[in-house]
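The next block holds one structure in the form of structure tokens; read it before the comments.
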Protein chains: 2
Amino acid sequence: MPKVGMEPLRKRELIDAAIRTIGQRGSLDVTVAEIAHEAGVSPALAHHYFGGKEQLILATMRHLLKELGRDLLTALETARTPTARVAAIIAVNFSASQFAPQTVAAWLAFYVHAQQSDETRRLLRVYARRMHSNLAYALSRMTSRAIALQIAEGAAAMIDGLYIRHALRNGAPEAASAIALVEDYVTTKLTAAGASL
Amino acid sequence: MPKVGMEPLRKRELIDAAIRTIGQRGSLDVTVAEIAHEAGVSPALAHHYFGGKEQLILATMRHLLKELGRDLLTALETARTPTARVAAIIAVNFSASQFAPQTVAAWLAFYVHAQQSDETRRLLRVYARRMHSNLAYALSRMTSRAIALQIAEGAAAMIDGLYIRHALRNGAPEAASAIALVEDYVTTKLTAAGASL
DNA sequence: TTCTTGATTGACTGATCAATCAATAAAAAC
DNA sequence: GTTTTTATTGATTGATCAGTCAATCAAGAA
């Protein structure tokens, strides 16, 4: 069975398995053995390809981050007006793939892990900065730079908060009403600032 | 040295030590031995008084929750107008004791733990519901019930999001600007709804 | 004084897990 | 057809930890 060129395939399978396992458990307290079993390979193979648990987890984060980046790019490509761009950025965060309970749980676990891992913290900051600058850029076409920055900060915080609440399932808002809440914030602020929508 | 009536003192010391240890590590991945050492007692004593790690952690959560409740009550007592009440609720969340990096890190860890522990989830929901109903009540004196509920949801989400961002130290907003951001959201929404402030 | 009871610990156990390694097997290269 | 390279695993190791237990110590009760 052993063919050549298995590395990228196995890596991908292990990362997918890691997402599923971490998402289900809602924590990074998953064993390499569990992930490997979910991927249908031996634990030793995971170490062989990734070098260790930490690196497998980082690779998993990078994968999720790349996926989010792709989704964002796709959404922005078809949005022509600033208003549409803002709506697209918000919508991506609550799209089915990003807002799935497993994905949200995984992100939450990564935030905790960031307290102990410099690289994890760095990756999360990259994501936060990208989201903020995308929002601020689109908003700055509709209002002053200062107001745009403020709204971007508020909206980004609100989105993160809705994620946490979603993870807790506190009779938490569904995607549609979460989107509505954030968009309402943005439009209310823009209107109050005298922007023409 | 062994006197009688040590139980409440030791429990309190262990809980305080747990807060410090968890806060510093930014994770529940702390050993009972570490907490006990921080409290200046043997690991066996922690088990003796709490029965196990899980129960010590739950007791720690309850303690933090009670503290937040007390702070909130104190703040609400001196606030007479609805506007002052809303401001007080927001301010409590960003008060020095609640917004301290260690406390925020501990809360974040609890959110992750809630994915696996029913009791932890229940406790976090109690907190979320209390915060929401306090906000909604104060706001409903200034605008319609429907708008009040919406603002309460948005403000609560924004507060949670600012917590996460604070834990990440992303050039994160300081307490003062975090408070300003949330208050701006509330007043902007109230003004747009035609409320008299 | 003797007995009881609560406080406290050191030493131990059993389980879990990340990581290692030597061994096997199959493809590809020569 | 022999050698090399890549894929893969079972078995093992070493470390870490939660939890247990029997023993000790001191204070108050009888």
Side-chain angles (χ1 to χ4, degrees), chain A residues 1-22 24-61 109-110 112-113 115-120, chain B residues 1-22 24-61 109-110 112-113 115-120:
Chain A
M1 234 177 281
K3 266 195 202 157
V4 110
M6 282 290 105
E7 177 156 353
L9 296 178
R10 289 283 179 257
K11 277 191 169 180
R12 178 60 197 267
E13 283 168 357
L14 280 163
I15 287 174
D16 285 345
I19 295 173
R20 265 176 276 135
T21 311
I22 293 169
Q24 259 155 9
R25 179 77 44 87
S27 152
L28 295 187
D29 270 337
V30 292
T31 68
V32 173
E34 281 167 340
I35 296 174
H37 180 257
E38 173 79 24
V41 298
S42 80
L45 198 67
H47 280 97
H48 175 64
Y49 280 129
F50 286 97
K53 185 184 180 181
E54 177 73 13
Q55 283 144 285
L56 170 53
I57 285 175
L58 286 173
T60 303
M61 269 196 75
F110 290 143
V112 170
H113 191 60
Q115 304 290 320
Q116 291 154 267
S117 154
D118 289 347
E119 180 63 5
T120 300
Chain B
M1 241 187 270
K3 266 195 203 157
V4 112
M6 282 291 104
E7 178 156 352
L9 296 178
R10 289 282 178 257
K11 278 193 169 179
R12 178 59 197 268
E13 284 168 357
L14 280 163
I15 287 174
D16 286 345
I19 294 172
R20 265 177 276 137
T21 311
I22 293 169
Q24 259 155 9
R25 179 78 42 89
S27 150
L28 296 187
D29 271 337
V30 292
T31 68
V32 173
E34 280 166 340
I35 296 173
H37 180 258
E38 172 79 23
V41 298
S42 80
L45 199 66
H47 280 98
H48 175 64
Y49 281 129
F50 286 97
K53 185 184 179 180
E54 177 72 14
Q55 284 145 285
L56 170 54
I57 286 175
L58 286 173
T60 303
M61 269 195 75
F110 290 142
V112 169
H113 191 59
Q115 305 289 321
Q116 293 154 266
S117 153
D118 289 346
E119 179 63 5
T120 299

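Summarising the geometry, the separation between NE2 on His48(A) and P on dA23(C) is reported as 17 Å, rounded to the nearest angstrom. In this structure, Met6(B) places its CE atom 15 Å from C1' of dT5(C), rounding to the nearest Å. Counting to the nearest Å, the C1' atom of dC17(D) and the CG atom of Leu56(B) are 15 Å from each other. Atom pair Leu45(B):CG and dG10(C):P shows a separation of 11 Å (rounding to whole Å applied). Per the geometry, CG belonging to Leu9(B) stands 16 Å off P belonging to dG6(C), to the nearest Å. dT8(D) atom C1' lies 13 Å from atom CD of Glu13(A), rounded to whole Å. Between the NZ atom of Lys11(A) and the P atom of dT6(D) there is a distance of 14 Å, given to the nearest Å.
For Tyr49(B) and dG6(C), the shortest distance from a side-chain N or O to OP1 or OP2 is not below 4.0 Å. Phosphate contact (OP1/OP2 of dT8(D), side-chain N/O of Arg10(A), threshold under 4.0 Å): present.
When heavy atoms are screened at a 4.0 angstrom cut-off, Phe50(B) is found touching no nucleic acid atom at all.
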Donor-acceptor pairs under 3.5 angstrom involving side-chain atoms of residues 30-46 of chain A: please list them, not counting sequence neighbours.
unit_1   : atom_1 : unit_2   : atom_2 : d
Thr31(A) : OG1    : Ala33(A) : N      : 3.4
Thr31(A) : OG1    : Glu34(A) : N      : 2.9
Glu34(A) : OE1    : Arg25(A) : NH2    : 3.4
Glu34(A) : OE1    : Thr31(A) : N      : 3.0
Glu34(A) : OE2    : Arg25(A) : NH2    : 2.9
Glu38(A) : OE2    : Arg20(A) : NH1    : 2.4
Ser42(A) : OG     : Ala44(A) : N      : 3.4
Ser42(A) : OG     : Leu45(A) : N      : 3.4

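For His113(B) and Glu54(B), the side-chain atoms include at least one donor-acceptor pair closer than 3.5 Å. No donor-acceptor contact under 3.5 angstrom links the side chains of Glu7(B) and His48(B), judged on distance only.
The side-chain heavy atoms of Asp29(A) and Asp29(B), taken from C-beta on, include a pair separated by under 4.5 Å.
With sequence neighbours excluded, no residue forms a side-chain hydrogen bond (donor to acceptor under 3.5 Å, both in side chains) with Gln55(B).
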Interface polar pairs with nucleotides 17-19 of chain C, N/O, under 3.5 angstrom:
unit_1  : atom_1 : unit_2   : atom_2 : d
dA18(C) : OP1    : Lys53(A) : NZ     : 3.2
dA18(C) : OP2    : Val32(A) : N      : 3.0
dA19(C) : OP2    : His47(A) : NE2    : 3.0
dA19(C) : OP2    : Lys53(A) : N      : 2.9

Take Phe50(B) and Ile15(B) through the side chain to side chain contact (heavy atoms under 4.5 Å, CB included) test and state the conclusion after the steps. CA-CA 10 Å; Phe50(B) 286 97; Ile15(B) 287 174; 3.9 Å; yes

